[in-house]
Amino acid sequence: PDYLEDNFTADSMRSMRFSGVLVYDTQSVLKAGISLTDELTLAPLSPEEKRVAQALVPAVLNDPNSETVTKTYQQIGGTLYLMAVAPVRAREAVGTAPKGALVVFRRFSAFEREGVAQVLMNPVALSFDAAAMNGPDFGLRVLSESCAEATAVVRDHLNPGGWLVTLDNG
């Protein structure tokens, strides 16, 4: 708990673009965690954030050489999360078993969507509609002579349900 209080203030989390941090011991027991709200204040983690993070920790803790790092996208409550799990060990103890695990996540908010839209020069929408995930991975729908909508299903090895990205130049 002191480590979080000393190193993850609202200002530092905002500047690092972290939405949450969780620390686990070697038995996958959550020892401390904190979340940054949309109002840029610190708050407890949601039960769903804890549950999703907890499921990612064992793969990292079970590596006797502390070489496993997990990076994944997850959907929690209709919001896309970018999550990373890394082993905790002493800097000089390379190749040794982890002493715990650190989970950091970032909520993919309107700010991130706007950034992607600026790069792609098109409005971007995200969807977690299960029916859309069962269709083709890529799609293009012509809306008019000068307007089209492109869709892509994005999945990773830890999130087979995926999420749908829609670009609309209309």
* Please name all residues satisfying side chain to side chain contact (heavy atoms under 4.5 Å, CB included) with Ala55, sequence neighbours left out, ordered by chain then number. => none
* Structure fact -> In short, Ala117 meets Pro123 closest at the heavy-atom pair CB-CA, 4.2 Å
* Sequence neighbours excluded, which residues qualify as side chain to side chain contact (heavy atoms under 4.5 Å, CB included) partners of Asn7? -> Tyr3
* Asked: How far does CZ of Phe105 sit from OG1 of Thr72, to the nearest 0.5 angstrom?
  -> 14.0 Å
* Asked: Listed by chain and number, what are the side chain to side chain contact (heavy atoms under 4.5 Å, CB included) partners of Thr37, not counting sequence neighbours?
  -> Glu39, Thr41, Ala43
* Which side chain to side chain donor-acceptor pair (under 3.5 Å) pairs, counting each pair once, include a residue from residues 53-64, with sequence neighbours left out? -> Asp63-Thr68
* Asked: Which atoms form the tightest heavy-atom contact between Ala101 and Val60, and what is the distance?
  -> CB-CG1, 4.5 Å
* Asked: Which residues pass the side-chain hydrogen bond (donor to acceptor under 3.5 Å, both in side chains) test with Thr26, sequence neighbours left out?
  -> none
* For the residue pair Val23 and Phe8, establish whether any side-chain heavy-atom pair is separated by less than 4.5 Å. => no
* May I ask you to check whether Glu149 and Thr151 show a side-chain donor-acceptor distance below 3.5 Å? => no
Show me, pair by pair, the donor-acceptor contacts under 3.5 angstrom made by side chains of residues 76-90, not counting sequence neighbours?
residue: Tyr81; atom: OH; partner: Glu49; partner atom: OE2; Å: 2.7
residue: Tyr81; atom: OH; partner: Arg107; partner atom: NE; Å: 3.2

* To do: With sequence neighbours left out, write down each residue that passes salt bridge (charged side-chain N to carboxylate O under 4.0 Å, His left out) with Asp38, or none if nothing qualifies.
  => none
* Please say whether more than 12 non-hydrogen atoms of neighbouring residues, nucleotides or ligands are located less than 6.0 Å from CZ in Arg141. => no
* Sequence neighbours excluded - side chain to side chain donor-acceptor pair (under 3.5 Å) pairs with any residue from residues 96-106 -> Arg106-Glu112
* To do: Compare all side-chain heavy atoms of Met13 with those of Ile34 and state whether any distance is below 4.5 angstrom.
  => yes
* Asked: What pairs with Leu30 under side chain to side chain contact (heavy atoms under 4.5 Å, CB included), at least two apart in sequence or on another chain?
  -> Leu22, Tyr24, Lys50
* **Test side-chain hydrogen bond (donor to acceptor under 3.5 Å, both in side chains) applied to Gln118 - qualifying residues, sequence neighbours left out** => Glu114
* **Within residues 45-70 or reaching into it, pairs that qualify as ring-ring contact (aromatic ring centres under 6.0 Å, His included) - sequence neighbours excluded** => none
* hydrophobic_cluster_shared for Leu42 and Leu40, side chain cutoff 4.5 Å -> yes
* To do: Might you point out which heavy atoms bring Ser66 and Pro98 nearest each other, and give the distance in Å?
  => OG-N, 3.0 Å
* Asked: Between atom CG of Leu61 and atom CG of Leu56, what is the distance when rounded to the nearest 0.5 Å?
  -> 11.5 Å
